[in-house]
Amino acid sequence: MVGDGAVYDPDAVGAKYLAERDRRLVPGRADIRDLGTDEVFAHFRDDPFTPFTERAPVHDDVDVVIIGGGIAGVLAGVELRKAGVERIRIVDQAGGIGGTWYWNRYPGVMCDVESYVYLPMLEEMGYIPKDRYAQGEEIRLHLQAIAERFDLVDDALFHTGVTRTEWDEESARWRVRTDRGDEVTARYYVLAVGILNLLKLPAIEGMEQFQGRSFHTARWDYGYTGGGPGEPLTELGDQVIALIGTGATGIQCLPPLAAAAEHVYVFQRTPSAIGVRGNRPTEPDFAQGLDPGWQQARMDNLQAVMMGRPVDVDLTDDGWTHHYAKVHNPPRRKGMDIGEYLRNAEAIDFEIMEEHRNRVAELVADPGTAEILKPYYRYLCKRPCFHDEFLSAFNEPNVTLVDCPAGLDRITEQGPVVDGHQYEVDAIIYGTGFEAELTPLARRAGHDIVGRHGVALAEAWADGAASLFGMMSRGFPNLFVMPAPGQQAVVTVNYTQLAVLGASFIGRAVGQLEARGVKSFDVSAEAQSAWTEQIVGSFVDASRVMAACTPSRINQEGHPETLNPRNGNFGRGLGDYFAYRDLLERWLEQGECEGLELDDQVVES
Ligand code: NAP
C-alpha cells in the first residue's frame, strides 16, 4: 500500500510507481505542433502585450549584439557596459525587456525561487522585493529598470527576430540579419536566448477544429479574460474554460481562473508534487543590518544547501532547501555500502512524497479527486512545485478535475474529449509548458549562426555541445553563450545565480580582450577537447533510476538513455557551481586568455 500515511514497503512502492509511469508512457505523448512551421497555430507566438509598430530597417555597426532581453541578456549588457563597451544592441522577438517575465503574464504568475536571490542586482538597484516570492510583473519591471539604468533599452530592437548571423572573416565581425530588414554588424555576438524559451503546444488530434478561444499561458489573452496581471479576471463570469496542464504554470493560474469563470475543467496528465509555498510580505526590517555583498552571499548559501554542503544557517528555508536538497544529497554515513545508501535514499524520498500525498488528502475534500491529485513517483522525477491555493481550488463547485494520464482522446469543435466524454467549453488554455532545456541551442536561438568556413552551430553541435566553459565554441569567433543546463556549464536551482556568473565572465573577458587590442578570438582545438572530455568524463549515467520515473522533460519523456554525455555539466550530476566559479575566476585572474587563439591585429572601429 502506498498513500494515506502507509507503512513503507519498498517493493509495493516501486510497483505502484512503475504502474503509474506505464499509464503515462504512451506513444505520441511528447508530440508537438512545431510553431516555427505550423501555419494553423503560428499565431500562438504573437505578442498580445505590446502593439507592433513599423520602423525603418537598421543598418549599422556596433560593438556587441545580444540576442535576448531577459535576465541573461540584461545582465550580460550590464557587465559589458561596466567593461566600457559603448555600442550594444539587444535584439528580441518580444516587445520589451523581460524574457520569460515579458511573455509569462498569466494570472497568478510568480517566481518559485525566493525573490531576494532571484531578482538580480538588488543591492546596486537599491531595491527590496515586496514579497518573499515576487509577482511576475514586479520582476519584469525590475529587469526593465536595470536595463534603463544601464542604457540598454534605447538601442534595443524589439519585435525583431534574427533570421541569420554569419561571421565575416575579413572584417572580423558578425553580420546579423533580421526579419525587419535590419543588417547590423558587431564585433561580439552574445547568445542569451533563454532555456525554456520555446512555448510548447502539444499535438492533439482535432485541435484545429475547436471553435472557441484558445491560447497558451505564455501569451495570456487578457482581451478575452479581462483583468490584467495581479488583477481579477472580469470577463469570465459566463465562460466555461478548459485548462490543460498542471505544471508550475497551470497550478499558479488555476486559483484566479476559478475565482472568475463559470466553470473550469482542469485536464491533468500527471499530478505535480506541490509543497508548501508560505509566501508573505517582506518584513519591514529585512534590509536592516545587511552587509554589502549580502545578495551574493545569500545566493551562495542557497546553492551550498542545494549541493549538500554544511552551512551555519539555511537562509532560504523553504521547500527547495527542505525537500529538494535532502533528496538530492542523501546522507552517506561512514561504512555504508552502496546498496544501503540507495535504500536509504529511497526511504527518504518516500517520506517526502508521502508528505506531499498527505497534504493533498488534507486539502482536497473529495477523496476521489484527492487520489487523482496524488503524485506517485520519486521527488526528482519532475520539477517540484509549490502552492497554497491550487489544491483547495478543487473544493469549489465550479472546478472539476479531469484525469487523463494518457492525454486527451481528441479535441472537437466543442472542446476536449477524454474517455469518450465530450467537455463543452468556451475556451481552451494551454498551460503545456516549453520545449525542454536540452533542446539544442541552435533551435532555441531560432536562427542559423554560421561561423568560420560556413559551418553552422547546428552542424558543429550536431553530436552534442562542444565548448570551452560552456560559453565559447571553436569556429565561432567572438561569440559568447550565456551558460545554461545541458551545455557544458553547471545548473543552479536559482537560474539568476548562473546568469550573474556568466554575465560577469563575459564582461570581464571582453574587457581583457579589448585591453589587449584583440581583433578576434577563437577557442583552440586542444582547449575545447580538454573541456569536452572533462564534461564527458564526469557524466554519471543515471538512466536506470530515471527510467523508473514518470515520463517528463527531466527524463527525456521516458527515454533517459538518450541523454548525450557531451550535453552534461561541469562536475557530477547538476554540476559543481563553486568549482566552476573558481575555475573561471582563476582564468580571468591569470589574464592570459588561456585556451584561446588570439588575432592581435589592432581593431578598426
Ligand atoms: P510544465 O512543467 O512542462 O507543465 C506542462 C503541463 O502540461 C504538464 O502538466 C504536462 O503534463 C501538461 N501537458 C503537456 N502536454 C500535454 C498533453 N499533450 N496533454 C495533456 N497535458 C499535457 O510547464 P510549465 O508549468 O509551464 O512550467 C515549465 C517550467 O517553467 C517549470 O518547470 C519551471 O522551470 C518554469 N516555471 C517557473 C515558474 C516559477 O518560477 N514560478 C512558473 C511557471 C513555470 P505531464 O506532466 O504529464 O507532462
Side-chain angles (χ1 to χ4, degrees), residues 2 8 10 13-14 16-18 20-22 24-25 112-113 195-196 246-248 251 269-276 302-309 314 316 318-332 338 341-357 359-360 374-387 433-434 436-438 484-486 490-495 498 538-563 565 567-569 571-577:
V2 190
Y8 177 47
V13 172
K16 171 74 176 165
Y17 285 7
L18 289 180
E20 289 293 332
R21 175 199 68 178
D22 292 344
R24 294 171 172 86
L25 206 48
D112 256 358
V113 169
I195 298 166
L196 297 161
T246 53
I251 67 165
R269 199 163 62 169
T270 315
S272 287
I274 304 171
V276 172
L302 171 60
Q303 186 62 13
V305 176
M306 298 314 294
M307 290 175 61
R309 304 216 173 156
D314 168 5
T316 305
D318 70 2
W320 289 108
T321 61
H322 294 179
H323 294 148
Y324 197 97
K326 201 168 170 188
V327 174
H328 201 250
N329 310 287
R332 188 159 215 168
I338 184 75
Y341 168 76
L342 291 175
R343 281 193 298 280
N344 186 45
E346 263 183 58
I348 291 172
D349 197 296
F350 171 77
E351 257 171 53
I352 288 175
M353 289 308 284
E354 273 293 280
E355 229 179 85
H356 285 81
R357 291 188 281 264
R359 184 167 190 247
V360 179
K374 289 180 186 170
Y376 289 107
Y377 46 79
R378 287 183 70 162
Y379 190 68
L380 298 183
C381 290
K382 280 182 90 66
R383 189 233 192 229
C385 293
F386 309 93
H387 211 278
F434 305 87
E437 40 275 73
L438 290 181
V490 295
V491 179
T492 47
V493 159
N494 173 21
Y495 171 69
L498 184 56
S538 59
F539 179 76
V540 178
D541 181 5
S543 58
R544 208 178 58 78
V545 175
M546 295 311 286
C549 276
T550 191
S552 82
R553 62 171 214 268
I554 290 177
N555 76 345
Q556 291 68 47
E557 298 297 340
H559 298 285
E561 71 287 353
T562 58
L563 201 58
N567 296 335
N569 301 304
R572 293 166 76 83
L574 295 181
D576 186 341
Y577 165 82

Query raised in the report: What closest approach, in Å, do L380 and Y324 show between heavy atoms, and which atom pair accounts for it?
Result: CD2-CE1, 3.5 Å
Query - Set of side chain to side chain donor-acceptor pair (under 3.5 Å) partners for T246, sequence neighbours left out - result: none
Report summary line: Scanning both residues in full, the closest heavy-atom pair of A345 with P330 reads CB-CG, 3.6 Å
Query raised in the report: If every non-hydrogen atom of S538 is compared with every non-hydrogen atom of G571, which pair is closest and at what distance?
Result: OG-O, 3.5 Å
Report summary line: CD1 (I554) and CG (L563) are apart, to the nearest 0.5 Å, by 12.0 Å
Query - Over all atoms of both residues, closest heavy-atom pair of P331 and N344 - result: CG-ND2, 3.7 Å
Query raised in the report: Is Y377 reaching over with its side chain to a backbone N or O of A273, donor-acceptor style, under 3.5 angstrom?
Result: yes
**Report entry** D318 versus T316, side-chain donor and acceptor atoms under 3.5 Å
**Finding:** no
Query raised in the report: Does the side chain of W320 reach to within under 4.5 Å of the side chain of N494, using non-hydrogen atoms?
Result: no
Requested in this report: Please identify each residue that fulfils side chain to side chain donor-acceptor pair (under 3.5 Å) with T562, with sequence neighbours left out.
Outcome: none
Query raised in the report: Between R378 and M353, is any pair of side-chain heavy atoms under 4.5 Å apart?
Result: no
Query - Close side-chain approach of V491 to L498, heavy-atom, < 4.5 Å - result: no
**Report entry** Under 3.5 Å donor-acceptor, N329 side chain and M306 backbone
**Finding:** yes
Query raised in the report: Looking only at heavy atoms, which two atoms of G575 and M307 are closest? And how far apart?
Result: O-CE, 4.3 Å
Report task. Would you give the length of the straight line joining atom NE2 of H323 to atom CZ of F386, rounded to the nearest 0.5 angstrom? Result -> 8.5 Å
Query - Salt-bridge contact R343-E346 (side-chain N to carboxylate O under 4.0 Å) - result: no
Query raised in the report: Aromatic rings Y17 and Y376: how do their planes relate, parallel, tilted or perpendicular, breaks at 30° and 60°?
Result: tilted
Query raised in the report: Does a side-chain heavy-atom distance below 4.5 Å link I338 with R332?
Result: yes
Query raised in the report: For the residue pair G247 and C385, what are the closest heavy atoms and their distance?
Result: C-SG, 4.0 Å
Query raised in the report: What distance do D576 atom CG and N569 atom CG have between them, rounded to the nearest 0.5 Å?
Result: 11.0 Å
Requested in this report: Check whether any side-chain N or O of R309 sits under 3.5 Å from a backbone N or O of Q303 as a donor-acceptor pair, and report yes or no.
Outcome: no
Query - Note: R24-E20 ion pair, threshold 4.0 Å (strictly below) - result: yes
**Report entry** Flag side-chain contact, heavy atom, 4.5 Å: R357 against E354
**Finding:** yes
Requested in this report: Carefully, step by step, assess D112 and R383 under the rule side chain to side chain contact (heavy atoms under 4.5 Å, CB included).
Outcome: CA-CA 11 Å; D112 256 358; R383 189 233 192 229; 2.7 Å; yes
Report summary line: Here the gap from I274 atom CD1 to K374 atom NZ, rounded to the nearest 0.5 Å, amounts to 13.5 Å
Report summary line: Rounded to the nearest 0.5 Å, the CD atom of E351 sits from the NZ atom of K326 at a distance of 6.0 Å
Query raised in the report: With distance as the sole criterion, is a donor-acceptor pair present between the side chains of H559 and E561 under 3.5 Å?
Result: yes
Report summary line: Separation between CG (L302) and CG (D314), nearest 0.5 Å, reads 8.0 Å
Requested in this report: For the residue pair Y379 and H356, categorise the inter-ring angle as parallel (less than 30°), tilted (30 to 60°) or perpendicular (more than 60°).
Outcome: tilted
**Report entry** By disulfide (SG to SG under 2.5 Å) - contacts of C381 (at least two apart)
**Finding:** C549
